[in-house]
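Within every chain, numbering begins at 1; the chains are lettered A, B, ... in the order of the sequence lines, protein sequences first and strands thereafter. This is a predicted model, so every value here is computed, not measured. Quick note: numbers below take in every heavy atom, side chains included, and nothing from hydrogens, waters or symmetry partners.
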2 protein chains.
Amino acid sequence: MSKNPTIADVAREAGVSTATVSRTLNDPDRVKEPTRVAVQDAVNKLGYTPHFGGRILASNRTNTVGAVIPTMENAVFAHGLQTLQASLADMGITLLVATSSYDREHEEHQIRTLLARGVDGLALIGAERSAEIYALLDRREVPYVLMWTGGKADGHFTVGFDNDAAARQVVDKVVAAGHTKIAMIAGTTEGNDRAAERVAGVRAALAERGLPAPTIVEVPYQIEEGERAAAAFLSAAERPTVLICGNDVLAAGALRAARTHGVNVPDQISIVGFDDIDLARVVEPPLTTVRVPHRRMGTSAAQHLVEWMRTGVKPASILYRTDFIERASLGRPPK
Amino acid sequence: MSKNPTIADVAREAGVSTATVSRTLNDPDRVKEPTRVAVQDAVNKLGYTPHFGGRILASNRTNTVGAVIPTMENAVFAHGLQTLQASLADMGITLLVATSSYDREHEEHQIRTLLARGVDGLALIGAERSAEIYALLDRREVPYVLMWTGGKADGHFTVGFDNDAAARQVVDKVVAAGHTKIAMIAGTTEGNDRAAERVAGVRAALAERGLPAPTIVEVPYQIEEGERAAAAFLSAAERPTVLICGNDVLAAGALRAARTHGVNVPDQISIVGFDDIDLARVVEPPLTTVRVPHRRMGTSAAQHLVEWMRTGVKPASILYRTDFIERASLGRPPK
DNA sequence: ATGATAAATGTAAGCGCTTACAAGAATTAA
DNA sequence: TTAATTCTTGTAAGCGCTTACATTTATCAT
């Protein structure tokens with residue numbers, strides 16, 4: 001008798017019907033004290049746990065939310081995911097995770113897989129994906145939240161910030177510090193609207209000021225890539241006075257390149273990051289960067305997504321502001 | 001007609017029975033070419049996706065694995081989780097994640113929740129948990145793998161390394177460099193057998209050499225905690241010549257403390273970390289540390305866990321070796 | 001007490017899928 | 001051609017649970 005006990009076993013043991021057992025478990029108030037106790041005893045005695053499959057087949061809810069993030073290797077997503085998971089757990093919901101490796105097709109595949117698993121809701125990063133996917137989500141009436149993005153994604157429920165505006169703010173500060181020879185080490189923009197918006201923000205802000213268009217290179221978000229790209233800039237004929245990096249990881253790589261090239265930061269070149277992960281405060285000099293509210297995005301995405309799941313009403317999008325954090329890696333340009 | 005199509009709809013559309021549809025989807029070889037095509041067409045036309053609940057109710061398998069890790073905030077777990085997830089995805093399995101925040105009870109609760117969700121397998125960190133939980137896993141016959149631990153956990157399927165031995169190795173090297181005044185900033189050992197083993201390894205190795213017992217402080221695995229603990233050591237009357245840290249995060253904090261105290265690393269004090277996360281190569285000076293095979297643990301745990309799930313045969317445990325990575329943060333003691 | 005109303009419990013019909021078994025079609029050997 | 005064998009496909013019985021509806025029991029006003 002290795003078979004797990006079913007609700008019928010419990011009902012028999014407690015001398016009640018299966019409906020009463022179900023009610024005792026899901027909505028105890030609707031059951032009288034003595035009955036409830038009898039059922040609880042039977043449950044304990046038999047070591048009964050409800051069968052997940054039976055439950056969702058009958059109720060058509062899984063109490064599961066799926067998340068697709070680019071990668072857990074970037075601390076900023078790991079942290080966001082962590083708070084998302086914790087907040088959901090508080091509401092009795094578990095999180096299915098999948099990663100896309102910044103690949104659009106792969107992401108869509110993951111979304112489909114999660115849908116097939118019957119997730120009640122989805123958390124996604126960014127807004128840029130095929131119309132089919134959005135159509136699918138619509139048709140299935142699956143609540144979803146787009147994180148790390150704001151404003152641009154009309155019609156969707158987003159919880160994020162304005163990457164473009166944040167990038168402009170970076171330019172403001174960099175220009176205010178006296179820089180005119182500006183270069184950018186951006187993350188790959190293909191299939192990554194956040195990276196693209198950061199590039200666009202930098203471009204636009206410089207153009208509006210009538211400053212020369214910056215040299216921009218795009219690389220994958222990895223330390224070594226940042227290091228390599230920065231090395232190229234450092235040994236270029238016309239060395240820029242500041243490197244605006246697409247995120248802190250790239251900035252950390254740039255910092256390393258500066259060190260190996262014997263170039264002092266910020267005296268000879270300034271470096272600015274984005275995200276404000278722990279790393280930013282650990283490197284030497286500490287990174288000037290943009291603080292992104294990743295934890296608040298996690299909690300609030302969880303809360304409102306669940307609200308949508310429970311009420312059926314799509315919540316209003318939330319736009320957080322970002323803060324420019326000045327640390328030692330940004331200084332005045334050398335003259 | 002917002003209702004999703006069912007297997008019966010597909011069967012009707014394709015002019016076959018539901019059994020044939022099921023077979024086409026799960027085991028295409030058992031169905032003739034033309035029938036298969038007809039079913040596929042019907043599936044596409046109707047946009048059918050199998051209902052998860054129905055499927056698991058009937059087959060009693062969820063193709064889901066659950067993982068409970070302490071936190072995603074530590075890169076080393078985030079990376080391990082990432083590879084675990086990717087490997088499982090390759091095998092058509094999705095990952096449910098939960099975090100324990102290094103809390104035993106919380107972890108057990110998460111395990112129970114995952115079991116209730118019908119996971120087919122579990123990946124857990126460390127071996128130290130209540131007998132009841134192990135009894136429960138046994139009774140349910142749920143395959144599970146214990147990661148980040150090795151040797152000590154008899155009877156369980158583990159994929160990991162020997163924390164104790166790795167810690168001894170650190171002592172070897174530190175002593176070889178000439179240090180005798182050794183202190184340790186350990187992670188909290190309560191409910192964390194990995195941290196405890198690292199402490200035990202350091203203690204034992206020193207005792208065997210007849211060296212004085214080290215001063216050991218325990219703090220949560222956070223940069224600020226490492227910084228604070230290191231600050232205390234730095235301004236102590238009898239300053240140690242080397243700080244052995246429970247992980248790289250604590251070591252990074254210690255490095256920061258040294259900088260603010262104007263203490264040169266490694267000339268005036270040496271610092272050693274553990275885990276070899278990216279951080280270790282980014283800080284200045286780069287950290288001497290112990291490299292832990294987190295990616296290989298992820299892939300191999302996934303592979304063998306699935307093997308166990310599919311064959312019902314518990315695999316043999318796997319013990320990886322760790323490498324001591326010498327970088328600039330470890331030098332000879334000042335005289 | 002009596003009937004009317006409310007609360008507690010039971011009955012039973014699915015939810016969508018897989019799969020053992022049965023039946024029919026195609027292939028092969030004689 | 002026929003019987004034996006192998007492939008394909010269909011039939012239908014659950015899998016364990018929730019929930020609409022029916023029934024019984026308790027509560028209350030009269």
Do the side-chain N and O atoms of B:His106 and B:Gln110 include a donor-acceptor pair separated by under 3.5 angstrom? yes
Of the nucleotides C:dT19, D:dT18, D:dT8, which one has an atom closest to the side chain of B:Arg61? C:dT19
Please tell me if A:Arg30 has a side-chain N or O lying less than 4.0 Å from either OP1 or OP2 of C:dA7. no
Answer with base, sugar-phosphate or nothing: what part of the nucleic acid does A:Thr6 contact at a heavy-atom distance below 4.0 Å? sugar-phosphate
Give every donor-acceptor pair under 3.5 Å between a side-chain atom in residues 75-89 of chain A and any protein atom, sequence neighbours left out.
from: A:His79; atom 1: ND1; to: A:Arg295; atom 2: NH2; distance (Å): 3.3
from: A:Gln82; atom 1: OE1; to: B:Thr71; atom 2: OG1; distance (Å): 3.4
from: A:Gln82; atom 1: OE1; to: B:Met72; atom 2: N; distance (Å): 2.8
from: A:Thr83; atom 1: OG1; to: A:His79; atom 2: O; distance (Å): 3.3
from: A:Thr83; atom 1: OG1; to: A:Gly80; atom 2: O; distance (Å): 2.9
from: A:Gln85; atom 1: OE1; to: B:Thr99; atom 2: OG1; distance (Å): 2.6
from: A:Ser87; atom 1: OG; to: A:Thr83; atom 2: O; distance (Å): 2.8

Nearest-Å distance, CG (B:Asn60) to P (D:dG14)? 16 Å
Phosphate OP1/OP2 of D:dT18 contacted by A:Asn26 side-chain N/O (<4.0 Å): yes
Please say which of A:Thr35, A:Leu25, A:Ile7, A:Val10 ends up in a side-chain contact (heavy atoms from CB on, under 4.5 Å) with A:Thr20. A:Thr35
Atom CG of A:Asp29 to atom C1' of C:dT9: distance rounded to whole Å? 16 Å
In whole Å, I'd like the distance from the OH atom of A:Tyr48 to the P atom of D:dG16. 10 Å
Within the distance-only criterion (no hydrogens, no angle test), does the side chain of A:Thr188 pair as donor or acceptor with the backbone N or O of A:Glu190 below 3.5 angstrom? no
Do A:Arg117 and A:Thr64 have a side chain donor and acceptor closer than 3.5 Å? no
Between P of D:dC17 and CZ of A:Phe52, the distance in whole Å: 13 Å
Round to a whole Å and report the spacing from CG of A:Leu57 to C1' of D:dT18. 10 Å
Rounded interatomic separation in angstrom, taking CG from B:Leu25 and C1' from C:dG16: 13 Å
Proximal nucleotide (of D:dG16, D:dT18, C:dT18) relative to the A:Ser59 side chain: D:dT18
Length of the CD1-P vector between A:Ile7 and D:dT19, whole Å: 11 Å
Comparing nearest nucleotides in DNA chain C, the 5'-proximal residue of the pair A:Lys32, B:Gly54 is A:Lys32
C:dT9 P sits how many Å from A:Asp27 CG, rounded? 13 Å
Of B:Leu136, B:Val68, B:Thr113, B:Ile133, the one forming a side-chain contact (heavy atoms from CB on, under 4.5 Å) with B:Glu108 is B:Ile133
Show your working on salt bridge (charged side-chain N to carboxylate O under 4.0 Å, His left out) between A:Glu107 and A:Arg104 and close with a plain yes or no. CA-CA 5 Å; A:Glu107 192 209 22; A:Arg104 272 268 278 292; 5.9 Å; no
Taking 4.0 Å as the cut-off, does a side-chain nitrogen or oxygen of B:Ser22 come that near to OP1 or OP2 on C:dT18? yes
Can you give me the N/O atom pairs linking the protein to nucleotides 10-12 of chain D at distances under 3.5 Å, or say none if there are none?
from: D:dG10; atom 1: OP2; to: B:Ser17; atom 2: N; distance (Å): 2.8
from: D:dG10; atom 1: OP2; to: B:Ser17; atom 2: OG; distance (Å): 3.1
from: D:dG10; atom 1: OP2; to: B:Thr20; atom 2: OG1; distance (Å): 2.6
from: D:dG10; atom 1: N7; to: B:Arg23; atom 2: NH2; distance (Å): 2.9
from: D:dG10; atom 1: O6; to: B:Arg23; atom 2: NH1; distance (Å): 3.4

